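Take a look at the structure set out below.
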Amino acid sequence: MSKDYVAIIDVKDHVGQEVTIGAWVANKSGKGKLAFLQLRDGTAFFQAVAFKPNFIEKYGEEDGTAKFDVIKRLSQETSVLVTGIVKEDERSKFGYELDVTDLEVVGESVDYPITPKEHGTDFLMDHRHLWLRSRRQMAIMQIRNAIIYATYEFFDQNGFVKFDSPILSGNAAENTTELFETDYFGNPAFLSQSGQLYLEAGVMALGRVFDFGPVFRAEKSKTRRHLTEFWMMDAEYAFMSHEQSLDLQEAYVKALIQGVLDRAPQALEILERDVEALKRYIAEPFKRVSYDDAISLLQEHEADEDADYEHLEHGDDFGSPHETWISNYFGVPTFVVNYPASFKAFYMKPVPGNPERVLCADLLAPEGYGEIIGGSVREDDYQKLYDKIVAEGLDPKDYAFYLDLRKYGSVPHAGFGLGLERMVTFVAGTKHIREAIPFPRMLHRLKP
């Protein structure tokens, strides 16, 4: 097995040539002298065609028949080394197929549990380690990969330094009821809810920083938008205004969408995603609306036929139906800015002249995908932050390092966090966030 193999996604560069591909048999059909193999190798799916007379002509009656019989007996998910001539195929969406000249079985697969028939979600989740091999799940993972790649590319191009925040923390970032507590050599510790507080230490050292890693929420939620373990990208930057921060967030999200269009177009095609809608989200400016204007807009339209949401007063927080309606009303990703301080985090800086509102924004994705980004300007005044910590009933001693950042050369700074799985779900056009991560951790799921 020392020879070079060609990936399925690259067969377009080998039309008319004989190549060998390492792959798995996703499905098989045929009759008589013809066998059709649906092959996958992690880059793409395509068809290989075996014609019995060709094998007999090449290997003789006995050996040719034996080789063809091996192909006809192949079972689902058997791994193979398949050799053949690459041909263009206008009937196929992929555009190419393989005329098989030889095949070697690498690993047998017996009684593969996920057959081409329909299976229930619980069954598929119990077999997630195998479900990942399916065409749809492979496409979603390719989109996830493209978003991760585009994230590193964007921040590198914009002068950011990757700065890793710890997973274990000695104190809760905001609210202990949403954190997982563990024993740390006899002392309580918490799994990270956000890397933000530590990232602010990084911004004072490096100016522009971002982290990207797993975070954990212990809230007992079972909605299609929630996971207990997920990946978050947090970014922090010094000397940037609220409006400039929104400009950066908009540019970042557009770069992520473009990254998927560039790097995983075949995945979007498999998922039948509306690519023109994604292109429009890149081309058109995102909408920005204040929280209070959004509440007024909801009140104004609550009698409309499509207004499937409960009445809200100024000071109430949005639910998912409200977020869906707002973003669909504007038809593009929408920033809702300057929420009430009463239900936002203690570290957010008040709107000048209006202490009841804070300089923050949630970015709501259209098509019902809800919040994908949350960000704010951070309070940079030591005494004001100290007073807010006390007012929230938190112990200033638990935030000593965070307060120190305001004592030694504090500067105006802002930041935001993007939930990777929510972004993947939005770009992929899938219905449930559980498919956006390889092994989802939810309220009642810890295996496989």
Side-chain angles (χ1 to χ4, degrees), residues 139-162 208-212 225 230-237 240-269 271-290 294 323-324 326-337 360-377 414-430 433 436:
I140 296 171
M141 291 303 106
Q142 289 176 331
I143 289 172
R144 180 186 175 99
N145 178 69
I147 289 174
I148 292 170
Y149 180 91
T151 289
Y152 280 89
E153 185 175 57
F154 176 85
F155 285 112
D156 181 67
Q157 292 174 351
N158 284 275
F160 282 73
V161 176
K162 176 69 162 56
R208 290 187 170 196
V209 294
F210 77 102
D211 68 6
F212 204 170
R225 296 182 182 177
F230 58 97
W231 281 62
M232 178 76 75
M233 190 297 305
D234 288 297
E236 293 286 327
Y237 26 87
M240 192 177 288
S241 69
H242 189 31
E243 290 300 318
Q244 290 171 326
S245 176
L246 297 183
D247 290 342
L248 181 74
Q249 294 172 50
E250 180 171 341
Y252 171 52
V253 170
K254 289 183 174 183
L256 296 186
I257 298 173
Q258 187 64 58
V260 175
L261 291 171
D262 292 342
R263 295 180 62 84
Q266 74 287 348
L268 294 170
E269 184 177 355
L271 296 168
E272 300 181 337
R273 183 61 165 111
D274 186 349
V275 173
E276 294 306 312
L278 295 178
K279 291 179 178 178
R280 182 165 55 84
Y281 301 149
I282 296 173
E284 296 185 13
F286 291 179
K287 183 66 178 177
R288 300 179 186 183
V289 59
S290 74
E323 293 179 344
T324 296
I326 291 167
S327 59
N328 286 344
Y329 178 81
F330 293 110
V332 293
T334 300
F335 286 107
V336 178
V337 303
C360 69
D362 288 347
L363 180 61
L364 309 181
E367 304 177 62
Y369 287 98
E371 179 190 342
I372 54 175
I373 279 182
S376 73
V377 176
F416 69 95
L418 174 137
L420 173 60
E421 286 75 24
R422 289 195 178 190
M423 188 66 191
V424 171
T425 303
F426 164 49
V427 177
T430 57
I433 199 169

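For this chain, numbers begin at 1 and follow the sequence in order. On a predicted model such as this, the values are computed, not experimentally measured, just so you know.
With sequence neighbours left out, the salt bridge (charged side-chain N to carboxylate O under 4.0 Å, His left out) criterion links Arg208 to no other residue. Annotation: salt bridge (charged side-chain N to carboxylate O under 4.0 Å, His left out) contacts of Asp247 (sequence neighbours excluded): Arg288. Tyr369 meets the ring-ring contact (aromatic ring centres under 6.0 Å, His included) test with Phe426; sequence neighbours excluded. Under the ring-ring contact (aromatic ring centres under 6.0 Å, His included) criterion, Phe335 pairs with no residue, sequence neighbours left out. The side chain to side chain donor-acceptor pair (under 3.5 Å) check on Arg263 picks up nothing, with sequence neighbours excluded. Not counting sequence neighbours, the partners of Asp234 by the side chain to side chain contact (heavy atoms under 4.5 Å, CB included) test are Ser194, Leu199, Asp211, Met232. In this view, Glu323 and Arg225 satisfy the side chain to side chain donor-acceptor pair (under 3.5 Å) rule, not counting sequence neighbours. Partners of Glu269 under the side chain to side chain donor-acceptor pair (under 3.5 Å) rule, at least two apart in sequence or in another chain, do not exist in this structure. Remark: Lys254 pairs with Glu250 by the side chain to side chain donor-acceptor pair (under 3.5 Å) rule, at least two apart or across chains. Legend: residues meeting ring-ring contact (aromatic ring centres under 6.0 Å, His included) with Phe155, ordered by chain and number and at least two apart, are Phe160, Phe210, Tyr252.
Considering every non-hydrogen atom in both Ala255 and Ala150, the closest pair reads O-CB, 4.0 Å. In terms of heavy atoms, Ala436 sits closest to Ile140 at CA-CG2, 4.0 Å. Minimum interatomic distance between Ala139 and Leu271 (heavy atoms only, all atoms of both residues): CB-CG, 3.9 Å. Taking every heavy atom of both residues into account, Ala414 and Met240 meet most closely at CB-O, 4.4 Å. In terms of heavy-atom proximity, Val427 sits nearest to Leu268 at O-CD2, 3.8 Å.
Listed by first and then second residue, the salt bridge (charged side-chain N to carboxylate O under 4.0 Å, His left out) pairs that reach into residues 139-161 are Arg144-Glu421, sequence neighbours excluded.
Taking 4.5 Å as the limit, every side-chain heavy atom of Leu246 sits out of range of all side-chain heavy atoms of Phe286. For the pair Leu418 and Leu256, the minimum side-chain heavy-atom distance is below 4.5 Å.
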With side chain to side chain contact (heavy atoms under 4.5 Å, CB included) as the test, would you mind laying out the steps for Phe154 and Val253 before giving the verdict?
-> CA-CA 10 Å; Phe154 176 85; Val253 170; over 6 Å; no

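Formation of a donor-acceptor pair under 3.5 Å by the Ser327 side chain with backbone atoms of Ala365 is found in this model.
Here the straight-line distance linking atom CE of Met233 with atom CE of Met423 works out to 10.5 Å at 0.5 Å rounding. With values rounded to the nearest 0.5 angstrom, Leu261 atom CG is found 10.0 Å from Arg273 atom CZ. With rounding to the nearest 0.5 Å, the separation of CD1 in Ile143 from CD1 in Ile257 is 11.5 Å. Between Leu364 atom CG and Phe330 atom CZ the span is 10.0 Å, to the nearest 0.5 Å. Taken from CG in Asp362 to CD1 in Ile373, the straight-line distance is 9.5 Å, to the nearest 0.5 Å. Rounded to the nearest 0.5 angstrom, Lys162 NZ and Tyr152 OH are separated by 4.0 Å.
Ring orientation note: the planes of Phe416 and Tyr237 are tilted relative to one another, at an angle of 30° to 60°.
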Atom pairs and distances, donor-acceptor, side-chain atoms in residues 275-284, under 3.5 Å, two or more places apart:
unit_1: Arg280; atom_1: NH1; unit_2: Gly331; atom_2: O; d: 3.0
unit_1: Tyr281; atom_1: OH; unit_2: Glu367; atom_2: OE2; d: 2.6

